[in-house]
Each structure stands twice: as structure tokens, then as C-alpha cells.
Amino acid sequence: MRGRIILLGPPGAGKGTQAKWLVEKTGLLHLSTGDLLRDEVAQGTELGKNARAFMDRGDLVPDDVIVEMIRGRIADAEGFILDGFPRTVAQAEALARITDVDAVVYIALDREQVIVRLTSRRVCRDCGRITNVLSDETASDGTCRTCQGELYQRDDDCREVIENRFDVYMSATAPLISHYRDAGILNEVDGNRPPDAVLAEILAVVEGA
Ligand code: AP5
């Protein structure tokens with residue numbers, strides 16, 4: 001399937017969860033700037049060392065670093081699901097100079113739900129599965145249900161950093177909602193529903209893109 005799709009929404013809205021399922025259903029390339037940055041940090045690269053302080057505080061990594069990191073990956077792709085990019089109007093303008101976008105899916109979730117979800121999120125160190133101790137009983141013992149790998153809590157999933165991430169989202173990223181609405185490609189989805197209901201709605205957008 002083709003399609004150049006952006007998943008937009010606050011931290012914890014379910015962008016990563018939905019992107020992984022969309023890849024299974026559509027075969028599109030998933031590009032998560034958060035995952036790419038965490039890989040750079042884990043590998044100890046210069047980019048990772050510079051990005052880490054921003055990420056630990058829940059602030060945005062500078063636009064030029066992000067655009068250069070992702071430019072080559074997007075330029076040659078026939079279709080993609082962008083998760084966590086763009087996050088500022090400057091990033092959206094840079095993206096528009098690289099490629100067209102077919103649809104933007106804005107997954108809406110309020111601050112209270114964001115905090116509940118992120119303080120209880122766990123991620124598998126081996127297969128990358130995203131889960132939550134509130135909905136997955138087996139997650140509480142720290143073992144991934146899919147691959148038996150170790151589940152961990154992201155460093156930026158502590159309450160103080162989550163609150164800053166939400167504030168940063170509201171000031172720097174939320175303006176993209178009207179940016180893409182004005183462009184006529186915004187599709188709003190209520191993220192405060194069961195994950196499969198959210199997926200069905202997003203799939204309908206992607207298939208129509
Ligand atoms: P990034 O990794 O992109 O974090 P984020 O945007 O804050 O998003 P999250 O990964 O926290 O949430 P999500 O929406 O993917 O939710 P998930 O599916 O996991 O960025 C991290 C940092 O990197 C940034 O702070 C910044 O420093 C830097 N960065 C990244 N991109 C950048 C950029 N473009 N520019 C500058 N800096 C950048 O779900 C959350 C939880 O909810 C899980 O536990 C899940 O199981 C659960 N859940 C999901 N869906 C549902 C549902 N429908 N119902 C109930 N629970 C659900």
C-alpha cells in the first residue's frame with residue numbers, strides 16, 4: 001500500500017501503538033523520531049549525546065538535528081507512517097520541502113489521560129512491544145507477553161517530565177492541528193477509546209489516502 005501519513009497527537013496518545021499495528025496491516029514504513037533518537041542514545045553517537053539532555057527534560061531536540069536525521073529516510077520512501085514528526089511548524093515546513101503528505105491523523109487525548117497512560121507504560125527491551133500495567137496483567141511482573149523479554153519504563157516516563165512534555169506539546173506541536181486543518185488533510189480521531197476502535201478509524205483514513 002502507498003500513503004504518506006503523519007500520526008499527530010500528545011505524548012501517550014497511542015501513536016507508537018497504532019503505528020506498529022498499521023505497519024502489520026499496510027506494510028508501510030514506520031519512522032518514529034523518538035525511537036531513532038533512543039537508538040542514537042543507546043549507541044552513544046554524537047547525535048545521541050547531544051539529544052539526551054533535551055529528551056531527559058522532555059524538551060524538543062533542535063529542529064535542524066531532527067530534520068537532518070530523518071530527511072534521507074523519507075526522501076526515498078514510497079510511503080510512510082511518521083510518528084512523532086513533525087513536531088513544530090518549522091519541521092512541518094521542512095517536511096513539505098522534502099515530500100508531499102497524503103493525510104494527517106490527529107489522535108486526541110487530554111492531559112489527565114496522558115499522565116495515567118505514561119506513568120503506567122512499559123516497553124519490551126527485545127521486541128519493542130508497547131504495553132501498560134493497567135491493561136496487561138502480565139506486564140506487572142516485568143516480562144513481555146510476546147517474547148519473554150524484559151519490560152522497562154522509559155526514563156522520560158516520570159510524572160515531572162511527562163508534565164513538561166505535555167506543556168511542550170501544547171505550545172510547540174498543537175499549532176500543527178490548525179496548520180494541517182487549513183491544508184485540508186487533518187483527520188481527528190478520539191484516542192480515549194479501546195485501541196482496536198482507534199485502529200479501525202485510522203485504517204479507514206489510511207486506506208482512503
Ligand atoms: P517520542 O518517543 O516521540 O515520545 P512522545 O511523542 O512523547 O510519544 P510517546 O512515545 O510518549 O507516546 P505515544 O503517542 O507513542 O503513545 P504509546 O503508543 O506509547 O519522543 C520522545 C522525546 O524525543 C521527546 O520528548 C523529544 O525530546 C524527542 N523528540 C522526538 N521526536 C522529536 C521531534 N520531531 N522533534 C524534536 N524532538 C523530538 O501509548 C502510551 C501508553 O498508552 C502505552 O502504555 C499504551 O499501551 C497505552 N495505550 C495506547 N493506546 C491506548 C488506548 N487506546 N487505550 C488505552 N491505553 C492505550
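All heavy atoms count here, side chains included; hydrogens, waters and symmetry mates do not. Atoms within each ligand, like the ligands themselves, are counted from 1 in listed order.
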N or O pair under 3.5 Å between [X] and ligand 1:
X	result
Arg122	no
Pro86	no
Val198	no
Arg193	yes
Thr33	yes
Gly16	yes
Gln18	no
Arg165	yes
Gln91	yes
Pro11	no

Of all the non-hydrogen atoms in the protein, which one sits nearest to [atom], and at what distance?
atom	value
atom 33 (C) of ligand 1	Arg87 CD, 3.3 Å
atom 39 (O) of ligand 1	Thr17 OG1, 3.7 Å
atom 4 (O) of ligand 1	Arg154 NH2, 3.3 Å
atom 56 (N) of ligand 1	Arg117 NE, 3.5 Å
atom 8 (O) of ligand 1	Lys15 NZ, 3.3 Å
atom 37 (N) of ligand 1	Val61 N, 3.0 Å
atom 9 (P) of ligand 1	Arg121 NH1, 3.3 Å

Value rounded to 0.5 Å, distance of OG in Ser32 from CZ in Phe85: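 So the OG of Ser32 and the CZ of Phe85 are separated by 12.0 Å.
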Value rounded to 0.5 Å, distance of CG in Leu151 from CG in Asp126: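 Reported to 0.5 Å precision, the distance equals 9.5 Å.
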Quick check: closest heavy atoms across [X] and [Y], and the distance to 0.1 Å?
X	Y	value
Arg4	Gly79	CG-CA, 4.3 Å
Pro11	Arg165	CB-NH2, 3.7 Å
Ile5	Ala209	CD1-CB, 3.9 Å
Gly3	Leu28	O-CD2, 3.6 Å
Gly44	Lys49	O-CE, 3.3 Å

Relative to the heavy atoms of [X], which atoms of ligand 1 are at a distance of less than 4.0 Å?
X	result
Gly191	53 (N)
Arg38	2 (O), 21 (C)
Thr131	43 (C), 44 (O), 46 (O)
Asp59	26 (C), 27 (O)
Leu37	23 (O), 28 (C), 29 (N), 30 (C), 38 (C)

Check against side chain to side chain contact (heavy atoms under 4.5 Å, CB included), Arg122 and Gln153: CA-CA 5 Å; Arg122 300 291 184 275; Gln153 192 162 18; 3.5 Å; yes
Heavy atoms of other groups near Glu78 CD, more than 12 under 6.0 Å: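 Count not over threshold, so no.
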Over 12 foreign heavy atoms within 6.0 Å of CZ, Arg111: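 More than 12 within 6.0 Å, yes.
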Arg117 vs Leu109, side chain to side chain contact (heavy atoms under 4.5 Å, CB included): CA-CA, chis, key distance, verdict: CA-CA 10 Å; Arg117 283 193 190 177; Leu109 196 69; 3.6 Å; yes
Gln18/Val189 under side chain to side chain contact (heavy atoms under 4.5 Å, CB included): CA gap, chis, key distance, verdict: CA-CA 12 Å; Gln18 295 295 334; Val189 172; over 6 Å; no
Trace of the salt bridge (charged side-chain N to carboxylate O under 4.0 Å, His left out) decision for Asp155 with Arg52: CA-CA 11 Å; Asp155 291 342; Arg52 182 167 191 160; 3.5 Å; yes
Per-residue contact class, Ile66 against ligand 1 - non-hydrogen pairs under 4.0 Å: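 Answer for Ile66: side chain.
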Side chain proximity check, Asp156 to Met55, heavy atoms < 4.5 angstrom: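 When only atoms from C-beta onward are counted, Met55 and Asp156 do not touch, as no gap falls below 4.5 Å.
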Close approach, Ser135 and ligand 1, non-hydrogen under 4.0 angstrom: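 The answer is no: ligand 1 sits nowhere under 4.0 Å from a heavy atom of Ser135.
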